[in-house]
Structures are given as C-alpha cells and as structure tokens.
2 protein chains.
Amino acid sequence: MASTSNQSVYRATTTAPVNIAVIKYWGKRDTTLNLPTNSSLSVTLSQRSLRTLTTASCSAEYPPADTLNLNGSPQDIQSSKRTLACISNLRALRKALEDADSSLPKLSTHPLRIVSENNFPTAAGLASSAAGFAALVRAVADLYELPQSPKELSRIARQGSGSACRSLMGGYVAWRTGELADGSDSLAEEVAPASHWPEMRALVLVVSAEKKDVPSTEGMQTTVATSALFAERAQNVVPGRMAAIETAIQNRNFHDFAEITMRDSNTFHATCLDSWPPIFYMNDVSRAAVRLVHDINRVVGRTVCAYTFDAGPNAVIYYEDKDSEVVAGTVKAILGPNTEGWNGVFYERLANVTAGVSLDQVDSRAVEVLKDGVSRVILTGVGEGPVKVEDHLVSETGEILSTL
Amino acid sequence: MASTSNQSVYRATTTAPVNIAVIKYWGKRDTTLNLPTNSSLSVTLSQRSLRTLTTASCSAEYPPADTLNLNGSPQDIQSSKRTLACISNLRALRKALEDADSSLPKLSTHPLRIVSENNFPTAAGLASSAAGFAALVRAVADLYELPQSPKELSRIARQGSGSACRSLMGGYVAWRTGELADGSDSLAEEVAPASHWPEMRALVLVVSAEKKDVPSTEGMQTTVATSALFAERAQNVVPGRMAAIETAIQNRNFHDFAEITMRDSNTFHATCLDSWPPIFYMNDVSRAAVRLVHDINRVVGRTVCAYTFDAGPNAVIYYEDKDSEVVAGTVKAILGPNTEGWNGVFYERLANVTAGVSLDQVDSRAVEVLKDGVSRVILTGVGEGPVKVEDHLVSETGEILSTL
C-alpha cells in the first residue's frame, strides 16, 4: 500500500508481463473456477518489451462502486464475472487482515478505482488478458498489503483468466492442473527463474488475421466437448511432456525444450482442427513460419529455434541469444529491417546483423508468404514477474492519469 | 480374355474409377503388404467423369519382359515393387488354372504388355494410383480369365496401392483392416451398391498447390511413427465411425453421413499436423471451403453438404442431387460458370442454375479466397466399379494405341 500524503486515496501500482506457453493450456474442467484439464508451462516475457501497467487505488471518498479503466476506456465491471471474482477474493483476504488487526485502515470497505494500460496494441493478438489480470491481482494485493505469495495469488488470478496465473512469476512457470474440485491446488509455480536461463529469446511474428478467430474460451469449450483426440492429449500426452520440458529447462537443453515446444503447439492445434466445427488458428503465414523454423534448424544442423502458436496466427519463435544471427538474422533478412517493431533493448544485439542462414537454403515460397504476411515483429526474451513501480495511473487525489 | 483373330495377342480392357474416402486410410501396419492400421470407407466416383482405361495384353511373341505404358510413357516396371507384386500374384493365379486344366493356353508364360491412360490430369491431385492399380488388376484378371471375385482381387490391388482395393467395386465400399499378419483378411467389400443411394454427388474443387506435398506413403509412415494422437484415431475413433457411417449409408441418412465424413477428414488432418515434423495438406483455400460448407449448412438450416480432404488441398464436397442448387449452385455463383471443368453429364442438372444460397449470408473472405484459389471444378457423383470395354489400347497385333 502506497499511501498518499493525505491518506484519503490509497494507491499501489505494478507492471505485469505477458507469458507464452510452451505446453499449452486448452480445456477447462470447471469453467467458473477456470480449472484446466491439463497442466501447462510458459516462459514469462520481458517487460522491457511488453507489459501491462496497473494502478489499484481505493478511497472512502470514491463514489460507491468499484471501477476499472482499461487503456483509457471505462469498463463495465459488473458485467465481468471474472473481474468481480478476482476483486471479491482479494477483498475477502483484506477483510480477514482487518478483522485480525483493528488498527488497519478498513480498505476492504472502500470502493476500488483500478486503471490499467498495455504498452502494446490489443490488436497484436498477444494474450493481453494474462498480463491484465496478473497486474490487477498484483496491484490490488499490494494495495491491500496482502501477505500471500505469488503462488497463493495465482489461485485468484486464474479465476480472471487461466493463463494469468502464470504471469505472476518470472522465468519458467508451470501451472499445475491440481485435483481438488474447489481449485485450491490449481496453482502456478516457478520452475526456474529467468536468471537460470536468461539467454532465452522470443521473436514474435505478428500476422494480420483477416477475421476474428474463435475466442479462446469458446474454442476450448468446443474442443473439450467435441474433439475425439482431446482427452488423449490432456490425459496421456501432456503429463509426459511437462516432465520432459521441466528437465530440459533445468538442464538448459535447448534441443529438447524446442522439440517439445513445437510438438505441443502442433498437438494443441491438431485438437482444434479435430473440434466440431473445426477451429483453425494457424493460417498459411503461420505454416510458412513453421517451415522456415524447420529449414533453419536443418541448414544449421542443430535445433536452434522453435515455433509455438497460441489461439491465433502469430508465430512466437524461441531461440538462445548465441543463435541470434542464424535465427533473428534470417527473419530480419526476410522481412527487412524496416518492418514495424524491430526495436527495443533486444534489438541492439541484431543491429549490425544483416543476414542469417542463406535464403537460398530455405523454402522460397515460405519466404514470400512471410514477407507478405508478417506485419510487425517483437523481439524480446525471458523476463521477470510483476514489478512494483511508482508510475501511478491514479493521482494522489484520485484522478485517472494516463501514459498513453 | 478377349482373344484376337489370330490368337497370338490376347487382350482384355477395363475402365476403373477413382474413389474418395469418407473414413480415411492413413497408416500402414505392414508396408510391404500395404496392411492398414484402420478400416476405411469410400465412395466410388462415376467413370463418366474420371476413369482410368487399361488394356492388359500378352503374347508369346512379345519380347521377354513385362512392360507398362502409362499415359503415353513407358514405365520402369522392374523398379516398381508394387506393380511387380500385383503382376506376380495374378500370374500365379493364372498358373494354377493352367496347371488344373492343360487345355488352357499358357498365358502365364507370356510377357505382359499393359497400357493405361487416365482421362484426367495427374496434376489435379486426384489419387490416380487407386484407379490405376484397380484397372491394372482388373484388366490382367480379365485377360487371365480368373474366377476370383472383386473382393478376392482386392487383396492383390491393395498391394499396388492401398486405396486401389476400394476401386474394384462401385458404390459405397469398405476396406476392412483385417487381423491376419499375411493380410489375407484385409479386403474391400461393397457396403451398398451405387443404386442404393444414386443421388450422391461429389463436387471436386481443385486447388493449385504451390509445392508438392509430402507423398502419402511417406506422410503416413511419419504419422504412425511420431504422432501422439495417431493411435487414438486408429484404434478408438475409427471403429465407431465405420459402424456409424455404414448405418448412415444403409439408411441414406445424409446428415449422419456428412457429419461423420467431415469429422473424420478433420481428425485425419489433425494427426498429420500432430506428426513430426508436422504435415500440412490443407491450405487457406481448403479452409475457405470448410467455412463455405459450414455456412451453407447453417443458411439452409440442415446438413446439405460435407467436405473431405485427402493428402492435398483439394476439397471434395458431397451432397445429394436434390440439393444441387444450394450446394453446387452456390459454388457456381462464387467461381463463375467459366471455371475450367464445369461440364460433363452431372453439370446438365446445373445448367440453368445461376445462384444457390445468398452470398451475403456466407463468409465473404472465404468467397474471395475460393475465387482466387480454385483452378478447376469436377462435378461428379457415385458410380459403378470397373467395366469391361472394347476400346483396347493395344492393337490386335500388339501395337500400343492411344486415346490421348
């Protein structure tokens, strides 16, 4: 709780990161509690590239209703059961503190004013809800000075958006499916901090989709209900992959990490295609990225890069910093240095790189498709979890500020 | 055996059809014998649209080596183990007849001269090997006057090309996976003749692929060896679908036939995507066809059409004749009547049809993608099995003729 000078408006502000799964979350066993059908694992991406900034504030003097302002627009918080669930869980934890210590200000009785901004366009299709709910939960928890660990808070963030639970921590994060019906053991936990394997890079190829895809919540319900292959992945395929990729991460074994990542992305999209009606998130541009990655690995003679696709056509390509030339350099040679988004801290490494593997050695059709179909590039890497900051989006007197 | 006037050259000629599976064959449990991992079921397509014409001839006066001429080009028969296997099986059956009846001419000792022509371009990606091997086996069996039934001959044709075994019969044909190691019970059998449900139509949208796909023999081996989901389809999903689609065919229940067909196409392509490295046969044009079919069914308010995709991007759309306007009429309205291939006997039905469902009610992006991506249309329907004809491709004196 960052109290203000006059103590009438209480504020806490945090940033939170995006995460990109390498073992995908797809399927809920409980839709209200967001309990998954299988465990998942993600890499938290650096907030130097992509982050949500959220201020949680409260005041007895605010009008009597919680409010949420997102990227400059007021949200209808009452219609978002998921947001209400997160807030009521956090408020209950604050209430318990206040009940145990009567000297604490009764913040649980104050209306909340939450203001949140992403530093990346929602249209980029970068699962902004994960960063958004992680930031909301972290900011309110900080405002309320809750003692719960990130792992404990992940139970709450999960109810906002499943994958948000993994954005409460940095590095390599597992979300354990858990077994209990109340979801109390369905939690995120750090498998390894970013510092364990800091060389991991992520190159996001933003592909402009012509049309809105099936929203992921609806899509995963369709898959669970209709795919003949879904249960096999959830029950029999993922557990082995979780164990194997955790070992790969512990050993910083990029080859194994990469192959499991690519295979699980493929299996996930296979269950989407096997749904009824079928769900297609990958398009011809996505497939060109798949081909390029396989071609680069073949030309280099070892596995230097791995693709993964979420519920949309964007490719995320993981690689290690030492292979920047052959991976990001090749993409840069294909797309040109002027593609929107070639910038930021990780780009410095590439500034003087003009070519990777010879483009004569990769599929020429894939090169053309990528050139036409990738609109924007984000070059980032593994990063830390939420960070408490003082760039408040609510003033000391409760006014909404903006960095936009 | 159609003997010639001077009895020195023996000839038999047959046509054989293409078949398009609705429960897909994908995966071999024995690569030499072409034994499948799962049963499959197909619709034999009318030879009024697509057919292979094959003459098998033999003569003691031919030079001492079997020869095969395909679409005007001599083939290296010795390098095709599959062709050799078919011929040696058929010759052994003839030899047995000759051994039992010494009055028979010793055709099994004569060199074979086989000449074959397709009436459709190989480039159309229409599994010509099925029709080709079915015609070869049927023509040689006729030449040898073998008493074996089509079902018994299917054991031989299967060794040429798995799906060829289903082209020995008309109508609706199942290929039973069988259980025996020697493949003797892995046979095709008629589920229903074409006359049982003659109204079935098939509209083939030929999509120009930029690049050769993974050949199906190689592709299915990759899937068997690497897909985490493959065994689930082969062992647990397909048996139920086989039973259900046979019931649908017996009852001429198009809704069930259509839904099982679409789902199994999707599951098959899902196992391809789940292979390592992943195999993609469908492209954005294929997916536009999927969307159009779902949209037509939605607009009409019942299931009037079904897509299926083999190991390539071409869409085959099944529908019943009574729904020609809403299905083929819609496709005609999208592609225009001048698209190559809008002709033939089944097109007469559509001659005065200019529109199906309103194009305002189907996905406009899919319409554009189809307009750009479909190069040719083949409008056909369920049809009969091989037919013995007198249009020989070898003259009475053994010269190769051609209809090309």
Side-chain angles (χ1 to χ4, degrees), chain A residues 209-212 214 223 226-241 259-260 262-291 293-295 297-298 303 307 309 313 363-366 368-369 373, chain B residues 209-212 214 223 226-241 259-260 262-291 293-295 297-298 303 307 309 313 363-366 368-369 373:
Chain A
E210 294 85 6
K211 204 182 149 77
K212 181 89 185 84
V214 179
T223 302
T226 66
S227 167
L229 303 177
F230 169 75
E232 180 67 13
R233 173 176 183 266
Q235 292 164 20
N236 298 326
V237 178
V238 165
R241 286 182 178 162
E259 187 165 325
I260 297 163
M262 292 187 272
R263 283 182 182 247
D264 197 63
S265 176
N266 293 337
T267 305
F268 152 51
H269 288 280
T271 66
C272 291
L273 169 52
D274 188 51
S275 302
W276 182 254
I279 301 167
F280 299 97
Y281 290 120
M282 296 171 72
N283 65 18
D284 283 352
V285 184
S286 314
R287 278 198 297 288
V290 167
R291 187 172 292 269
V293 164
H294 282 285
D295 280 356
N297 288 337
R298 177 181 50 74
T303 304
Y307 51 78
F309 298 83
D363 187 271
S364 60
R365 174 72 194 164
E368 290 309 310
V369 170
Chain B
E210 293 86 6
K211 204 181 149 78
K212 182 88 186 84
V214 179
T223 303
T226 65
S227 167
L229 304 176
F230 169 76
E232 180 66 12
R233 172 177 183 265
Q235 291 164 19
N236 298 327
V237 178
V238 165
R241 286 182 179 162
E259 186 165 325
I260 297 164
M262 291 187 273
R263 283 181 181 248
D264 197 64
S265 176
N266 293 337
T267 305
F268 152 51
H269 288 280
T271 65
C272 291
L273 169 51
D274 187 51
S275 302
W276 182 256
I279 301 166
F280 299 97
Y281 289 121
M282 296 171 71
N283 64 18
D284 283 353
V285 183
S286 314
R287 278 198 299 288
V290 167
R291 187 172 291 270
V293 164
H294 282 284
D295 280 357
N297 289 337
R298 176 181 49 74
T303 304
Y307 53 77
F309 297 84
D363 187 272
S364 60
R365 175 73 193 161
E368 291 309 311
V369 170

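These numbers come from the heavy atoms of this one structure, side chains and all, not from hydrogens, waters or symmetry mates. Keep in mind it's a predicted model, so treat the numbers as computed, not measured. Convention: sequence-line order gives letters A, B, ...; per-chain numbering from 1.
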Q: For the residue pair A:Arg291 and B:Phe280, establish whether any side-chain heavy-atom pair is separated by less than 4.5 Å.
A: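 When only atoms from C-beta onward are counted, B:Phe280 and A:Arg291 do not touch, as no gap falls below 4.5 Å.
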Q: Could you look at B:Phe230 and say if it's the side chain, the backbone, both or neither that has a heavy atom under 4.5 Å from chain A?
A: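 For B:Phe230, there is no contact with chain A at all, as no heavy atom is under 4.5 Å.
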Q: Taking heavy atoms only and a threshold strictly under 4.5 Å, list by residue number the residues of residues 231-239 of chain B that touch chain A; give 'none' if the list is empty.
A: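 At a heavy-atom separation under 4.5 Å, chain A is reached by B:Glu232, B:Arg233, B:Val237.
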Q: Mind checking the CZ-CG spacing from A:Arg263 to B:Asp274? Nearest 0.5 Å is all I need.
A: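 Between A:Arg263 CZ and B:Asp274 CG, I get 8.5 Å after rounding to 0.5 Å.
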Q: Check whether B:Arg298 gets within reach of chain A through its side chain, its backbone, both or neither, counting any heavy atom under 4.5 Å.
A: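 No part of it gets close to chain A.
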Q: In chain order, what residues pass the side chain to side chain donor-acceptor pair (under 3.5 Å) check against B:Thr271, with sequence neighbours excluded?
A: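 Counting only residues at least two positions away or on another chain, B:Thr271 forms no side chain to side chain donor-acceptor pair (under 3.5 Å).
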Q: How close do B:Leu229 and A:Ala270 get, counting heavy atoms only, and between which atoms?
A: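 Taking every non-hydrogen atom into account, CD1-CB, 4.0 Å.
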Q: Under 4.5 Å between any side-chain heavy atoms of B:Pro278 and A:His294, yes or no?
A: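 Touching, per the 4.5 Å side-chain cut-off.
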Q: Could you grab the distance from atom CG of B:Leu273 to atom OG of A:Ser265, nearest 0.5 Å is fine?
A: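 Nearest 0.5 Å value for the CG-OG distance: 8.0 Å.
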